[in-house]
Amino acid sequence: MNGETVQFTFDGKRYTARAGQTLAAALLDNGVAVVARSFKYHRPRGIMAAGVEEPSALVTVGEGGRAEPNTRATDVFVYQGLVARSQNAWPSLAFDVGAVNGLVARLIPSGFYYKTFFGPPKRWMVYERFIRKAAGLGPAPQQADPDAFDHRAAFCDLLVVGAGPAGLAAALGAVQARQRVVLVEQDRLAGGALLREDLRIDGAAGAEWAQDAVARIVAGGGRVLLRATATGYWDGNLVSVVERLAEPGQAPSRADAPVQRLWKVRAGRVILATGAIERPLAFGGNDRPGVMLAQAVRHYVRRHGVVPGRRAVVATSNDDGYRTAFALADAGAQVVAVLDSRAAPAGPLAEQARARFAVLADARPIDTRVRGKRLCAVIAQVGGSEQRFAADLLAMSGGFTPVAHLHKQAGGDLAWDAATQAFVPGAARQAQASIGAAAGGHDLAAILAQGWQAGGGDARMFAVDDPLGMGTPAEAATVPDTIRGKAFVDFQNDVSLGDIDLAWREGYRSVEHLKRYTTLGMGTDQGKTGNMAALGRLAQAQGVDIPQAGLTTFRPPYTPTTLGVFAGAAVRDHAGPVRKLRLHAEHDRQGAAWQPVGYWFRPRSYPQVGESLGEASLREARMVRQSAGIVDVSTLATFEVAGPDAAALLEMACATAIGRLAVGRGRYTVMLREDGMVMDDGTAWRLDEQRYLLTSSTGGADRMAQHLSWLRNVMAPQLKASVVNVQEHYGAVALAGPRAAAVLAGLTGAAAPAHMHCAQGQIAGIDVLLLAASYSGERAFEVYAPGHHMPALWQALHRAVVAAGGGAYGLDAMDHLRVEKGHVVIGAEVDGRVTAADIGLGGMLRKQGGFVGWQALQRPVLATAAGRRHLVGLTVLDGQALPEGAMLVLREGEEPLGHVTTAAPRVAGEGWIGLALLTDGASRHGQELLAWSATRGATVRVRVGDPVFYDRQGARYRD
Amino acid sequence: MMLIHCPHCGPRAQEEFTYERTRDSVVQLDQAPDVAMAALYSRTNPRGEENEIWRHTLGCRGWLELRRDRMSHAIVAVRPLGVQVLP
Ligand SMILES: [Zn+2]
């Protein structure tokens, strides 16, 4: 530790920290005892642990969009200007109104939420405000995250997770064996347990030995990532690692530099040296500020130079607790007593302790007292009697839980070690092994040798000089028989032993049910500290051993992970590609208002000065009805299907008769899904004896490409036919209106093809393909040309159409026109739940089948149209605009009979019309209904009718 | 995340691939409707090996048939489907 200092604030108050301290260490150093309020009861909480397992000391770090809520104070290193705030306290940490919850704790026992949710709906409404105020973690920031995140991939022979003594030895062994090694460590320093112990390895102090080991690993070609947490272990020996390049809430080192990086490490072998987490003891008031884990206390004393109390009681179930007593005493604190729950503690550690402190056997804390909010006394049961010790610090150790999360995520089994009452890694399914404390080890020399060998090093020993001597493997605390007050096992979610008992009494037997009923282990810490005590209690109630009681699933991520790191660089402009039309610049020049359609940007309309979007689209639509208009339809999915079996392949995809199409002719068609519902629609054209062009919807383009490839390659690989996606090769402009045929003839010098005929032609010297199909209801043509010719083609068409009294039109006008004609749109009327018959196209389907979806249509349930939703037209009766998405009802608040799929103003006429899917709609023509939109607060009277409002005979298509 | 050995591209991460369905739920269009519906909707989910169809969507776009253990996720065999790309 150097003498450098940094300034930070906590709840607006300024403090000074020493460089290298965690926020938790700095707060303890400044005498801040209460740093948070608990989730359910708002009990004052201090700092309990020293690592990522901390359940209680959750704070928000940083400001604005950089704020990171629910950050463990133990997992953020203080930097100059750090701003931290407490959470879950209102109006302040010192005076929290919600703490009254603690007084009425009997009203919110475990299962409170379940009982509320499963009660009458009104009960939740009543409690909601109360619960929202009282519970909840730090709020998510409202602003966008200003920082950059990054992704990287790495490949190695060996990945070592954890740079404690075991992991360092393993990486050293692997480097010696000339393997490519990656070593990741969640702390900013390598060393793990060595950072809190007073011992020497190969003659060097533990912490220095660790620094030197890192240097040797790097010199040997290894990669060492510090402040990097392995968060998930996936199939194929892939481990996700989140590396912090800036601390929570901290600005990056330079603008644009990432603050976090997600590594995907694909490793030949993985060694898990993830250590063990100390267990708290269960006793009344074990959550008071001043009650801490014993190793955490040692960590603060040795690594951060902070002594968290002046008068300490150490309560332990094992030898390791004594090391904390020595560390405290060596740092000048008074150790009032060591309470050892074992009947006759023996061995070198206990012997040395007896010479210095009062060591009490068969002794355990049962209750605590506070002055203000901080611990002032410990009530202990010593043998058969009760004793009170004045103390401001209680260091507790209830044994250790090996960190087997990644082993379990990798599919490995756990084995039960009765001596330490702990699950240890058993058989592995992937190429991985656990070593060190993560494997239940406790003897340092043995751990180092094990690591070195696991890494691939040849036989060697490390010289360990530990003046205190090794203790026995850590015995775990048993669950006490008597509990006084609230003895917490899940400190973050406020689950006490009493809650476990209650759940048992209410009939929750399985550990998975217990977890969900009590919320045990469901906090952001996933119950890393207290879960085993809770399982012990459940096993006790069941009268079985813990392994029989079962374990809940270990799910990634191991520690909470910022969502931004998953997105990486794929945000803002990089969230998705922008697809621009070949004619983007032409549309821009003509004043297009843009509309995003999937990744595309398409002209919505071309508003004139002073014109609203609605006025512009209605003007454009009327222009098409009266003279002529052009619209860019280049985004339509377009496929060329060629070969002797081209027709056969098309007939698999298309449900209408394609095979009998004559050369030079086209047809409207629909494609179905295997469940018989409509997938897409489009047109098929026979360009040549063995060559077809198939168009389908813009939005379904990728799905149709996938579908055709599936048919071609998997369903019918024997067919001689090729499918080429030519959408990007061509551009297309639709020309529509009563004057369209004349405009086209003027440009090509040839008669325009008849409706549903196709022809080759030339416009302005450009070879074009002309498809005479109408979407608007007017005589119309789709003009296809190679993409690079599109600007010249558009300009020629535009000049000619303007001369004929028309112009360009956009998507909205196109929509108005097609609604009036009752044409469906994929995604609006065709929503995945309609059959061709539902939308009036049932008669088009080939009776004999042979297309995808035919078999499903033979199901009895689809044999009748009764009870299904049919496509209908709606005419608004009261002059209002029709809200899209509105429910169709007889009276407001009643069960809907259907819904409005599209609404549009009338082009040929006044007022609003719409299309709808309506139950038994075909037999409701003439009926009056209400289009009721509760979300928009609109109710409109409509009359049901035929979906085709305009030119029902189709006379205008033809010349 | 599984490592899939594409016969065209070599070992690639699972995220490049799209799972399609099991081989036995591929419905031929000449099958009787009840047979086809049974294949689509009344599928088995064997504990152990199964033939599956995948696509190397973010790679060569080729269709593949995998034989994969659905418990251990071990991939026993991979073969290309459909129109073969030229070497
Ligand atoms: Zn491939």
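Letters A, B, ... are given to chains in the order of the sequence lines, protein chains preceding strands, and every chain is numbered from 1.
Counting heavy-atom pairs closer than 4.5 Å to chain B, the top residue among Gln718(A), Gln858(A), Gln430(A), Arg266(A) is Arg266(A). Heavy-atom pairs under 4.5 Å with chain B were tallied for Gly853(A), Gly849(A), Ser709(A); the largest tally goes to Ser709(A).
Expressed to the nearest 0.5 Å, how far CE of Met1(B) lies from CG of Asp235(A) amounts to 9.5 Å. Atom CH2 of residue Trp234(A) and atom CD of residue Gln14(B) lie 10.5 Å apart, to the nearest 0.5 angstrom. Between atom CG of residue Leu29(B) and atom CG of residue Leu711(A) there is a gap of 7.5 Å, rounded to the nearest 0.5 Å. Between the CE atom in Met652(A) and the CD atom in Gln28(B) there is a gap of 7.0 Å [rounded to 0.5 Å].
Looking at Met2(B), the atoms closer than 4.5 Å to chain A (heavy atoms on both sides) sit in the backbone and in the side chain alike. With a threshold of 4.5 angstrom between heavy atoms, Glu674(A) approaches chain B through its backbone and through its side chain. Interface residue Leu3(B): backbone and side-chain heavy atoms are both found under 4.5 Å from chain A. Within the 4.5 angstrom heavy-atom criterion, atoms from both the backbone and the side chain of Gln706(A) approach chain B. Using a 4.5 Å cut-off between heavy atoms, Ser72(B) touches chain A through backbone and side chain atoms alike. With a threshold of 4.5 angstrom between heavy atoms, Ala74(B) does not approach chain A through any atom at all. Looking at Ser722(A), there are no atoms closer than 4.5 Å to chain B (heavy atoms on both sides), in backbone or side chain. Only the backbone of Phe851(A) comes within less than 4.5 Å of a heavy atom in chain B; its side chain stays farther off. Using a 4.5 Å cut-off between heavy atoms, Asp675(A) touches chain B through backbone and side chain atoms alike. For Ile75(B), no part sits under 4.5 Å from any heavy atom of chain A, backbone or side chain.
Counting non-hydrogen atoms of other residues, nucleotides and ligands closer than 6.0 Å to CZ of Arg61(B) gives a total of 12 or fewer. By the neighbour-count criterion of 12 heavy atoms within 6.0 Å, atom CZ of Arg833(A) is sparsely surrounded, having that number or fewer from other residues, nucleotides or ligands.
For Tyr19(B), the ring-ring contact (aromatic ring centres under 6.0 Å, His included) test picks out Trp54(B), with sequence neighbours left out.
The shortest distance between side-chain heavy atoms of Val26(B) and Trp710(A) falls below 4.5 Å. Pro33(B) is not listed as a side-chain neighbour of Arg859(A), based on a closest heavy-atom distance of 4.5 Å or more.
Closest approach of Pro717(A) to Gly82(B), counting heavy atoms only: CB-CA, 4.1 Å.
Under a 3.5 Å cut-off, the side chain of Gln855(A) and the backbone N or O of Asp34(B) do not form any donor-acceptor pair.
With Val714(A) as reference, Arg23(B) is the one residue of Arg23(B), Arg55(B), Glu20(B) to meet the side-chain contact (heavy atoms from CB on, under 4.5 Å) rule.
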